[in-house]
Number of protein chains: 2
Amino acid sequence: MKINKSRYAILGLLSMGPMSGYDIKKKFEKIASNFWNESYGQIYPILKRLNAEGLAVKTIEKQIGKPDRHVYELTRQGHEKLMEWLKEPVDRHIGRHEILLKLFFGPMISVNDNIKQIQQFQKIYEKELTDLKTIKETIKMDHNDQSHLPYWLMTIRFGELVNKALIQWSRESCALLEKMND
Amino acid sequence: MKINKSRYAILGLLSMGPMSGYDIKKKFEKIASNFWNESYGQIYPILKRLNAEGLAVKTIEKQIGKPDRHVYELTRQGHEKLMEWLKEPVDRHIGRHEILLKLFFGPMISVNDNIKQIQQFQKIYEKELTDLKTIKETIKMDHNDQSHLPYWLMTIRFGELVNKALIQWSRESCALLEKMND
DNA sequence: TACCGCATGTAACGGGTTACATGATTGC
DNA sequence: GCAATCATGTAACCCGTTACATGCGGTA
């Protein structure tokens, strides 16, 4: 059994207020880019389907000088579908980290080349850790009602802990490889 | 630009010795299930392509009472293609953890329902942590040459650190939500 | 008798990204 | 004059899983 997460991601954003496809993309980039993103290629067809299935209603807002906005609002059924999904247990998520695959075949290249790979990997997550600080500030500004903030901060904390673990692993692994070099 | 990781995963396994599609699947399950898996729907077509592109050669081993084995062996070009890829820098990997998406819309359901979600999430990674011990033992048996072992243990260590971080996050988050309940 | 392991493969489907098409306004 | 922002959408891909088809031999 396979469920479409993007569908629920969009349903979820709409639950916080009426929005257009364009708004949805921007919102994800602004406040959830640390763990989620959606492309227009997903968003627009999904909105169409949500509308067809009676989970959202569409209103067209005319604008002058700018294209029309197609604003979607959740129906009661939409809210219910979302809540159902929120209560369903999550399933295991396999990482498929490319660095692990490369390291798995480590002996094919030199120890130094492996060290370089890990160092580059480490840099990615060090940057991510500093980026998280910016997102944290952004969401503290953005939340309209009190209720979302604690949950949003949990997603930040998740990123902090995981990134720190990845950095620690990088340091450990490099140290190990450097010992092998002697 | 988009590269096919499965292709290189298979190329990598073949670099450790001639193998059939069936062997490849079993090998991944046995020694890399903590971070990688491939389905037959990927493996067989990829092997066909590797052969067509001159990266692997195919030999058919007849067996009695069992189906023929189509054994693939890397060519020199195959080895080179693999080494090239191993040296290419890895790119950022966005998690798309369903639990974070659900938590993001946490206020839609009760605090207790959110706690339940996190507890279930935590259980998954506690189990994963104990499973890692088994895999660790398996790979200590399985490695034929000395060279791979340290790298394989690094992939295990990766899992240990990340899973521990996820468990810690679960505990912290549950504690936070329980405080909100009062 | 029924299922599991061995072993190959394909077809259908669903998920997701990227590139493209359109077109007005605003700012450098 | 050029790029960016606003705003919608589609088509072509690639990636990946699942289900199915085939068929022998051993075990419970």
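We name chains A, B, ... by the order of the sequence lines, and we start the count at 1 in each one.
- A heavy-atom distance below 4.5 Å is not found between the side chains of B:Tyr72 and B:Ile10.
- Note: CD1 (B:Ile46) to C1' (D:dT17) measures 13 Å, nearest angstrom.
- The phosphate of D:dA7 (OP1 or OP2) has a side-chain N or O of A:Gln63 nearer than 4.0 angstrom.
- Nucleotide C:dC6 holds its P atom 17 Å from the NE2 atom of B:His70, rounded to whole Å.
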Note to self: Does the protein touch nucleotides 10-16 of chain C at the base, only the backbone, or not at all? Give it as B, S and - per nucleotide, heavy atoms under 4.0 Å.
What the structure shows: B----SB
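- Residue B:Phe104 forms a ring pair (Phe, Tyr, Trp, His ring centres under 6.0 Å) with just one option from A:Tyr8, A:Phe35, A:Phe28, and that option is A:Phe35.
- For the residue pair A:Thr134 and A:Asp131, no side-chain donor N or O sits within less than 3.5 Å of a side-chain acceptor on the partner.
- With rounding to whole Å, B:Lys25 atom NZ is found 10 Å from D:dT18 atom P.
- Ionic pairing of B:Glu160 and B:Lys164 is not present here: no N-O contact between side-chain nitrogen and carboxylate oxygen is shorter than 4.0 angstrom.
- Judged by the 6.0 Å distance and 45° axis criteria, A:Arg96 is positioned over the aromatic ring of B:Trp36.
- We find that CD1 of A:Ile43 is positioned 12 Å from C1' of D:dG9, with the value rounded to whole Å.
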Would you tabulate the nitrogen or oxygen pairs shorter than 3.5 Å linking the protein to nucleotides 21-28 of chain D?
none

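- Put simply, CZ on A:Phe28 is 16 Å from C1' on C:dT17, counting in whole angstrom units.
- Counting only distance, with no hydrogens or angles, the side chain of A:Asn34 and the backbone of A:Leu132 share no donor-acceptor pair below 3.5 Å.
- For the pair A:His148 (side chain) and B:Gly106 (backbone), a donor-acceptor distance under 3.5 Å is absent.
- Judged by the 6.0 Å distance and 45° axis criteria, A:Lys26 is positioned over the aromatic ring of A:Tyr22.
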